Amino acid sequence: KALKVFNKMLAKEKEKSIENEDKEQLEKIYFYLGSCYFELKNFKSALKFVKKALDLNQTNIKTLKKISKIYLTLGDFENSLKIIYNLSFL
């Protein structure tokens, strides 16, 4: 059910012109969509959406941690460690 809600929100946000405030909202939607997919163990989709959130704000620590966790869950230890390493510079 949460996926439906976030997908509807995403559709509405994409119709708007993207301004700073809209980017923040879109970033949150992508993050929560990714989080929903993660909970459903659809890690490929989770990574796709959380990376879209990261594209909108590359210094969001919460998003970076989520991506690292997804990589770790997928067994991609190298990428997970790269992100953890980069977090130390924020």
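This one's a predicted model, so the numbers in the text were calculated from it and none came from an experiment.
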- Go through the side-chain N and O atoms of Ser88 and Asn86 and say whether any donor and acceptor fall under 3.5 Å apart. no
- Considering non-hydrogen atoms only, spot the tightest contact between Thr63 and Phe31 and give its length. OG1-CD1, 3.7 Å
- Taking the side chain from Thr73 and the backbone from Lys69, do they hold a donor-acceptor pair closer than 3.5 Å? yes
- Distance from Lys48 atom NZ to Tyr30 atom OH, nearest 0.5 Å? 9.0 Å
- Take Phe77 and Leu72 through the side-chain contact (heavy atoms from CB on, under 4.5 Å) test and state the conclusion after the steps. CA-CA 6 Å; Phe77 305 114; Leu72 191 61; 3.4 Å; yes
- Query: Which value, rounded to the nearest 0.5 Å, describes the distance between Glu24 atom CD and Asn60 atom CG?
  - Reply: 10.5 Å
- Message: With a 6.0 Å cut-off on the ring centroids, do Phe49 and Tyr37 count as close?
- Response: yes
- What distance separates Ile67 CD1 from Asp76 CG, expressed to the nearest 0.5 Å? 12.0 Å
- Indicate if Ile29 and Leu40 have the same hydrophobic cluster label, given that clusters are the connected sets of ILVMFWY residues with side-chain heavy-atom separations under 4.5 angstrom. yes
- To the nearest 0.5 Å, atom NZ of Lys52 lies from atom CG of Leu33 at 9.5 Å
- Message: If hydrophobic clusters are built by linking Ile, Leu, Val, Met, Phe, Trp and Tyr wherever their side-chain heavy atoms come under 4.5 Å apart, do Val50 and Leu90 end up in the same one?
- Response: yes
- Query: For the hydrophobic clusters of this structure (ILVMFWY residues joined by side-chain heavy atoms under 4.5 Å, transitively), does one cluster hold both Ile61 and Leu47?
  - Reply: yes
- Pairing of Glu27 and Lys23 as salt bridge, 4.0 angstrom limit: no
- Message: Check whether Ser68 reaches the backbone of Ser80 with its side chain - one donor and one acceptor, N or O, closer than 3.5 Å.
- Response: yes
- Enter the distance from Lys28:NZ to Asn57:CG here, rounded to the nearest 0.5 Å. 11.0 Å
- Task: Give a yes or no answer on whether the side chain of Ser45 reaches the backbone of Asn42 with a donor-acceptor pair at less than 3.5 Å.
- Result: no
- Identify the two heavy atoms, one from Ile70 and one from Phe43, that lie closest to each other, and give their separation to 0.1 Å. CG2-O, 3.8 Å
- Task: Go through the steps to decide whether Leu64 and Ile84 satisfy the test side-chain contact (heavy atoms from CB on, under 4.5 Å), and finish with yes or no.
- Result: CA-CA 8 Å; Leu64 288 163; Ile84 292 169; over 6 Å; no
